[in-house]
Protein chains: 2
Amino acid sequence: MSGRVDGGALAALADPTRRDLLERLARGEASATTLARGLPISRQAVVQHLSVLDAAGLVRSDRHGREVRWSPRPDGLIAAASWLTGIADEWDRRLAAIKAIAEE
Amino acid sequence: MSGRVDGGALAALADPTRRDLLERLARGEASATTLARGLPISRQAVVQHLSVLDAAGLVRSDRHGREVRWSPRPDGLIAAASWLTGIADEWDRRLAAIKAIAEE
DNA sequence: TTGATGTGCAAGCCCGAGATTGCACTAGGC
DNA sequence: GCCTAGTGCAATCTCGGGCTTGCACATCAA
């Protein structure tokens, strides 16, 4: 297990720009400046998004000389997904029970 | 399949109050007025949250006389979870490939 | 050393989400 | 009929997220 899901990952994934950044990182690590070149926003905006993703445990950063390379961390995503699945299954179970009672 | 995941479900789940509402609904359908009694926010705020959840396909509403009862819909949750899992698996695969190359 | 590139920090702007309030409307109980 | 309870609609407010700009600091290459 890689930590509790406090909603931070969900809040981080709620923004379309951040999801775009994650998909770009999945195609190879990159720096904030490089990412900003292919986007209609400034480097600082990218940095702030990456900070949010970092706080949510969805990316990691490594310094290489004067540049900082970012890469995705699937662990956080998997944790969030399994959390969602758990809740969904729980609801499914309860709703099925209610339905069974209603059909008697 | 229950439709593409456009991020609407993730945005809806990003708010802690909405996650709270979903958990309460999972313990039995309820009206907006009833839900508002157990929360520190107004009925209208609850209604707005339920509208967002409804648009995201996470809840459904049924009229019973003069009251509207809300209930959870696991389908949307499951779709969002499987989307997350798919992305996570994809990243895992790519990262494993990169790591394998680096270790040669 | 000098210049170019990448980053970090901070102040500020703007707009929309979340919440409130007020009032009109409808359904049920007396 | 009346009164109460539940809902719907709309205007308003506040505050924080997303973004920009400007400048200082660090690193590599000539």
Side-chain angles (χ1 to χ4, degrees), chain A residues 5-25 27-73 76 80, chain B residues 5-25 27-73 76 80:
Chain A
V5 173
D6 57 353
L10 292 174
L13 291 168
D15 187 88
T17 300
R18 283 196 284 270
R19 291 198 299 272
D20 187 10
L21 285 175
L22 283 174
E23 292 184 6
R24 288 166 186 262
L25 289 181
R27 304 206 302 267
E29 61 178 15
S31 68
T33 301
T34 302
L35 289 169
R37 290 197 214 287
L39 290 171
I41 59 179
S42 70
R43 172 184 62 93
Q44 282 304 316
V46 173
V47 170
Q48 290 179 14
H49 280 304
L50 290 174
S51 297
V52 174
L53 291 170
D54 186 31
L58 295 174
V59 297
R60 61 176 293 109
S61 62
D62 296 290
R63 277 209 95 97
H64 289 261
R66 71 181 159 187
E67 74 177 355
V68 177
R69 296 182 195 159
W70 299 82
S71 48
R73 295 186 18 168
Chain B
V5 173
D6 57 354
L10 292 174
L13 291 168
D15 187 89
T17 300
R18 283 195 286 269
R19 291 199 300 272
D20 187 10
L21 285 174
L22 284 174
E23 291 184 7
R24 287 167 187 262
L25 289 181
R27 304 206 302 267
E29 61 178 16
S31 68
T33 302
T34 302
L35 289 169
R37 290 198 215 287
L39 289 172
I41 59 178
S42 70
R43 171 184 63 93
Q44 283 304 317
V46 172
V47 170
Q48 290 180 17
H49 280 303
L50 290 173
S51 297
V52 173
L53 291 170
D54 186 30
L58 295 174
V59 297
R60 61 175 294 109
S61 64
D62 297 289
R63 278 210 93 99
H64 288 262
R66 71 180 159 186
E67 75 177 354
V68 177
R69 296 179 195 162
W70 298 81
S71 48
R73 294 184 22 165

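All figures in this text were calculated on a predicted structure; none of them were measured in a lab.
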Looking only at heavy atoms, which two atoms of B/T17 and B/D15 are closest? And how far apart?
N-OD2, 2.9 Å
Round to the nearest Å and state the distance from B/R19 atom CZ to C/dG18 atom P.
12 Å
Can you tell me how far P of D/dC19 sits from CG of A/L50, to the nearest Å?
12 Å
Of all heavy-atom pairs between A/A56 and A/A9, which one has the smallest distance, and what is that distance?
CB-CA, 4.0 Å
So CZ of B/R43 and CD of B/Q48: to nearest 0.5 Å the spacing works out to 10.5 Å
Under 4.0 angstrom between A/R18 side-chain N/O and D/dG17 OP1 or OP2:
no
Close approaches to DNA chain D from residues 38-48 of chain B, in residue order (heavy atom, under 4.0 Å)
B/R43, B/Q44
Tell me which residues in residues 54-66 of chain A lie within less than 4.0 Å of DNA chain D, going by non-hydrogen atoms.
A/G65, A/R66
Between the CG atom in A/L22 and the CG atom in A/L53, the distance rounded to the nearest 0.5 Å is 4.5 Å
Within the side chain of A/R18, is there an N or O that forms a donor-acceptor pair under 3.5 Å with the backbone of A/L13?
no
Does OP1 or OP2 of D/dT7 have a side-chain N or O of B/R69 closer than 4.0 Å?
no
Between C/dC15 atom C1' and A/D15 atom CG, what is the distance in whole Å?
14 Å
Minimum heavy-atom separation for A/V47 to A/A32, with atom names?
CG2-CB, 3.7 Å
Which donor-acceptor pairs under 3.5 Å do the side chains of residues 58-69 of chain B make with protein atoms, sequence neighbours left out?
unit_1 : atom_1 : unit_2 : atom_2 : d
B/E67  : OE2    : B/R69  : NE     : 3.0
B/E67  : OE2    : B/R69  : NH2    : 3.2

Gap between atom NE2 of B/H49 and atom CD1 of B/I41 - 0.5 Å precision:
4.5 Å
